[in-house]
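Residue numbers begin at 1 in each chain, while the letters A, B, ... track the order of the sequences.
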There are 2 protein chains.
Amino acid sequence: MRRDVFQGIADPTRREILNMVAHRPLNMDTVAEHFDVSRTAIYKHIKILIECGLVDVKQQGRERYCEAKLQKLGEVSDWIDQYREFWETKLDALEKYINELQSKANTETKKKKNYGKQK
Amino acid sequence: MRRDVFQGIADPTRREILNMVAHRPLNMDTVAEHFDVSRTAIYKHIKILIECGLVDVKQQGRERYCEAKLQKLGEVSDWIDQYREFWETKLDALEKYINELQSKANTETKKKKNYGKQK
DNA sequence: TAATTGTGCAACCTTTTGGTTTCACAAATA
DNA sequence: TATTTGTGAAACCAAAAGGTTGCACAATTA
């Protein structure tokens with residue numbers, strides 16, 4: 001099964017768990033008590049968070065403390081950043097494309113993109 | 001079914017679709033041809049992207065052009081930003097918690113968080 | 001007009017997701 | 001020692017995700 005950060009944060013319960021343990025490490029049951037689904041259900045969510053590297057577990061006596069490893073969020077952040085200009089300049093894809101066409105027409109540059117209909 | 005941006009970008013195929021149409025609007029089949037799964041499978045992905053507001057469709061004759069609406073990525077970006085200090089300062093949750101404890105001990109402030117074991 | 005092209009959708013399938021209840025077990029506590 | 005507490009895991013379930021094939025149909029093109 002696919003286990004990447006994007007999937008890790010896809011579920012709202014998991015984002016809530018992350019938010020809890022981001023502030024301070026918490027043991028399993030403390031996390032679970034915060035939700036109205038079963039303890040086991042929360043364990044499964046935590047397991048997924050562990051598998052995709054967003055949470056780390058430290059044993060302490062019989063308790064297991066979850067702590068957030070938020071560095072992984074950087075992957076998502078980086079992915080988004082490459083598109084930031086598309087929305088922060090208030091241009092949508094179409095406007096941006098038209099701009100590209102116009103500058104191409106003006107400077108007679110050769111094609112760089114390859115998604116076009118090539119038939 | 002849940003339809004938010006987090007879920008929209010959870011699937012790698014959908015991220016790839018988004019990347020394609022971010023650069024310029026493309027009609028359905030052009031997008032579909034780029035993948036080795038069936039056209040219908042890609043349509044379903046596009047449908048999800050539409051439902052969570054990341055893609056918009058413009059009819060043009062019998063063709064339907066998908067264009068990216070990347071503003072929605074801002075929601076994810078904002079969510080991540082609230083945790084940025086946790087990883088960019090190179091502190092993990094535990095260190096940060098210890099720091100919090102220390103400053104509390106020093107200034108005798110009252111508790112603000114409520115995730116603690118209150119039993 | 002006939003054939004092709006771009007699309008939508010229904011029906012169906014398998015795997016994953018998100019949940020449950022139940023049992024087991026070791027550590028801490030009365 | 002007996003009980004409570006924190007955890008793990010198995011067995012099971014319904015629904016959602018992600019995929020398929022096949023048909024329908026209107027717009028375009030030969």
Peer 1: Please state how far atom CG in Asn27(B) lies from atom P in dT5(C), giving the value in whole angstrom units.
Peer 2: 13 Å
Peer 1: Please identify each residue that fulfils side-chain contact (heavy atoms from CB on, under 4.5 Å) with Arg39(A), with sequence neighbours left out.
Peer 2: Asp29(A), Ala32(A), Tyr43(A)
Peer 1: Between C1' on dA27(D) and CD on Gln59(B), what's the gap in Å once rounded to a whole number?
Peer 2: 10 Å
Peer 1: Please state whether the phosphate of dT16(C), meaning OP1 or OP2, lies under 4.0 angstrom from any side-chain nitrogen or oxygen of Arg3(A).
Peer 2: no
Peer 1: Take atom OH of Tyr43(B) and atom P of dT20(D), then tell me their distance rounded to the nearest Å.
Peer 2: 13 Å
Peer 1: Just how far, in rounded Å, is P of dA16(D) from CD1 of Ile48(B)?
Peer 2: 12 Å
Peer 1: Rounded to whole Å, how long is the line connecting atom CD1 of Ile46(B) with atom C1' of dG6(C)?
Peer 2: 12 Å
Peer 1: Measure from CG on Asp29(B) to P on dG6(C) and round the result to the nearest Å.
Peer 2: 6 Å
Peer 1: To the nearest Å, how far apart are Glu51(B) CD and dG18(D) P?
Peer 2: 12 Å
Peer 1: Taking only N/O atoms, report every protein-nucleotides 26-29 of chain C pair under 3.5 Å with atom names and distance.
Peer 2:
| residue | atom | partner | partner atom | Å |
| --- | --- | --- | --- | --- |
| dA27(C) | N3 | Arg62(A) | NH1 | 2.5 |
| dA28(C) | O4' | Arg62(A) | NH2 | 3.2 |

Peer 1: Does Arg14(B) have a side-chain nitrogen or oxygen under 4.0 Å from the phosphate oxygens OP1 or OP2 of dG18(D)?
Peer 2: yes
Peer 1: What does the list of N/O pairs under 3.5 Å between the protein and nucleotides 19-21 of chain C look like, with a distance for each?
Peer 2:
| residue | atom | partner | partner atom | Å |
| --- | --- | --- | --- | --- |
| dG19(C) | OP2 | His45(A) | NE2 | 2.4 |
| dG19(C) | N7 | Lys44(A) | NZ | 3.2 |
| dG19(C) | O6 | Lys44(A) | NZ | 2.2 |
| dT20(C) | OP1 | Ser38(A) | N | 3.3 |
| dT20(C) | OP2 | Ser38(A) | N | 2.7 |
| dT20(C) | OP2 | Ser38(A) | OG | 2.4 |
| dT21(C) | O4 | Thr40(A) | OG1 | 3.3 |

Peer 1: Tell me if a side-chain donor or acceptor on Arg14(B) pairs with a main-chain N or O of His45(B) at a distance below 3.5 Å.
Peer 2: no
Peer 1: How many Å lie between CD on Glu33(A) and C1' on dT7(D), as a whole number?
Peer 2: 13 Å
Peer 1: Taking only residues two or more places apart in sequence, or in another chain, which ones meet Gln82(A) in a side-chain contact (heavy atoms from CB on, under 4.5 Å)?
Peer 2: Trp79(A), Asn19(B)
Peer 1: Once side chain to side chain donor-acceptor pair (under 3.5 Å) is applied, do any residues pair with Gln59(B), and if so which ones, sequence neighbours excluded?
Peer 2: Arg64(B)
Peer 1: Please name the residue in the list Arg3(A), Lys44(A), Lys69(A) that meets the salt bridge (charged side-chain N to carboxylate O under 4.0 Å, His left out) test with Glu51(A).
Peer 2: Arg3(A)
Peer 1: List in chain and number order the residues that pass salt bridge (Lys or Arg N to Asp or Glu O under 4.0 Å) with Arg84(A), two or more places apart in sequence or in another chain; answer none if no residue qualifies.
Peer 2: Asp81(A), Glu88(A)
Peer 1: Using the test salt bridge (Lys or Arg N to Asp or Glu O under 4.0 Å), find all partners of Lys72(A) that sit at least two apart in sequence or belong to another chain.
Peer 2: Glu75(A)
Peer 1: Between atom CD1 of Ile17(B) and atom CD1 of Ile9(B), what is the distance when rounded to the nearest 0.5 Å?
Peer 2: 14.0 Å
Peer 1: Output all residues satisfying side-chain contact (heavy atoms from CB on, under 4.5 Å) with Ser38(A), sequence neighbours left out; order by chain, then residue number.
Peer 2: Thr40(A), Ala41(A)
